[in-house]
Amino acid sequence: QVRPAESGGGLVQAGGSLRLSCTATGRYSSVSSYGVGWFRQAPGKEREFVAALSRSGGRTRYSDSVKDRFTISRDNAKDTVTLQMDSLKPEDTAVYYCAFRITVSTLQITTTPREYGYWGQGTQVTVSS
């Protein structure tokens, strides 16, 4: 079974940048086969949508809280999806999860966690003020 694998988390000062990467491990392990979403969960809060990318890579969607600061994209050569996070704020502090979704259409995209069938273990992002 495929499993997403996140990397790139860490500690950064407010205003700084981090780049998270998501690859696929296990059977049928190619990120290019899936729609991809990034979600995050801060202590004491529910998991929330951050960004999503269609299987084709042609459609993206962002939460209002990260729009114009975060960028989700595919690197087909590396078979990786990245989340570039700029102008980070302390409220961005959370565990970030990458998730995969099987889609019929290459353009389908969703912000709903329950529509993603495969989840990574998460990577911690901490933004200090």
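The figures that follow rest on heavy atoms only: side chains count, while hydrogens, waters and symmetry mates do not. In what follows, residues are counted from 1 in the order of the sequence shown.
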Peer 1: Which pair of heavy atoms, one from Gly122 and one from Val95, lies closest together, and at what distance?
Peer 2: CA-CG1, 3.8 Å
Peer 1: Checking Val125 against Leu18 for the side chain to side chain contact (heavy atoms under 4.5 Å, CB included) test, could you report, in this order, the C-alpha distance in whole Å, the side-chain angles of both residues, the deciding distance, and whether it holds?
Peer 2: CA-CA 9 Å; Val125 171; Leu18 279 176; 3.9 Å; yes
Peer 1: What is the minimum heavy-atom distance between Ala14 and Pro90, and which atoms define it?
Peer 2: CB-CD, 4.1 Å
Peer 1: Would you compute the distance between atom OG of Ser30 and atom CG of Asn76 and round it to the nearest 0.5 angstrom?
Peer 2: 8.5 Å
Peer 1: Go through the structure and list residues passing side-chain hydrogen bond (donor to acceptor under 3.5 Å, both in side chains) with Thr23, not counting sequence neighbours.
Peer 2: none
Peer 1: Would you say Ser105's side chain and Leu107's backbone share a donor-acceptor pair under 3.5 angstrom?
Peer 2: yes
Peer 1: Mind jotting down which residue pairs meet the salt bridge (charged side-chain N to carboxylate O under 4.0 Å, His left out) criterion with at least one end in residues 113-128? Sequence neighbours excluded, please.
Peer 2: Arg101-Glu115
Peer 1: Quick one: does NZ or CZ of Arg47 land under 6.0 Å from the six-membered ring centre of Tyr97, within 45 degrees of the ring axis?
Peer 2: yes
Peer 1: Should Ile72 and Tyr118 be regarded as members of a common hydrophobic cluster, given that ILVMFWY residues are connected when their side-chain heavy atoms come within less than 4.5 Å of each other, either directly or indirectly?
Peer 2: yes
Peer 1: Check the pair Ser7 / Thr123 against side chain to side chain contact (heavy atoms under 4.5 Å, CB included), numbers first and verdict last.
Peer 2: CA-CA 6 Å; Ser7 61; Thr123 185; over 6 Å; no
Peer 1: Sequence neighbours left out, what passes side-chain hydrogen bond (donor to acceptor under 3.5 Å, both in side chains) with Thr126? Give chain and number order.
Peer 2: Gln124
Peer 1: For residues 116-129, which residue pairs pass the salt bridge (charged side-chain N to carboxylate O under 4.0 Å, His left out) check, not counting sequence neighbours?
Peer 2: none
Peer 1: Decide yes or no on ring pair (Phe, Tyr, Trp, His ring centres under 6.0 Å) for Tyr116 and Phe39, but give the supporting numbers first.
Peer 2: CA-CA 11 Å; Tyr116 289 83; Phe39 296 81; 5.2 Å; yes
Peer 1: Of Val81, Leu83, Ile109, Thr80, which meets side-chain contact (heavy atoms from CB on, under 4.5 Å) against Val36?
Peer 2: Val81
Peer 1: Donor-acceptor pair, distance only, cut-off 3.5 Å: does the side chain of Arg55 make one with the backbone of Thr103?
Peer 2: yes
Peer 1: For a 4.5 angstrom cut-off between non-hydrogen side-chain atoms, does Glu48 reach Gln41?
Peer 2: no
Peer 1: Stepwise, does the side chain to side chain contact (heavy atoms under 4.5 Å, CB included) test hold for Trp119 with Arg3?
Peer 2: CA-CA 6 Å; Trp119 290 82; Arg3 168 163 283 184; over 6 Å; no
Peer 1: Can you name the residues that form a side-chain contact (heavy atoms from CB on, under 4.5 Å) with Ala24, not counting sequence neighbours?
Peer 2: Val2, Ser29, Val31, Phe100
Peer 1: In Å and rounded to the nearest 0.5 Å, what is the OG to CZ distance from Ser87 to Phe70?
Peer 2: 9.0 Å
Peer 1: If a pair satisfies salt bridge (charged side-chain N to carboxylate O under 4.0 Å, His left out) and one of its residues is in residues 58-74, list it, with sequence neighbours excluded.
Peer 2: Arg69-Asp92
Peer 1: For a side chain to side chain contact (heavy atoms under 4.5 Å, CB included) check, start with the C-alpha distance between Trp38 and Cys22, then their side-chain angles and the critical distance, and finish with the verdict.
Peer 2: CA-CA 9 Å; Trp38 283 97; Cys22 180; 3.6 Å; yes
Peer 1: Quick check for you: to the nearest 0.5 Å, what is the distance between Gln13 atom CD and Ser129 atom OG?
Peer 2: 9.5 Å
Peer 1: OG/Ser21 to NZ/Lys78 distance, rounded to the nearest 0.5 angstrom?
Peer 2: 8.0 Å
Peer 1: Which value, rounded to the nearest 0.5 Å, describes the distance between Thr71 atom OG1 and Tyr62 atom OH?
Peer 2: 4.5 Å
Peer 1: Looking at CZ of Phe49 and OG of Ser65, how far apart are the two atoms once the value is rounded to the nearest 0.5 Å?
Peer 2: 9.5 Å
Peer 1: Given side chain to side chain donor-acceptor pair (under 3.5 Å), test Ser17 with Asp86 step by step and report yes or no.
Peer 2: CA-CA 4 Å; Ser17 299; Asp86 298 320; 2.7 Å; yes
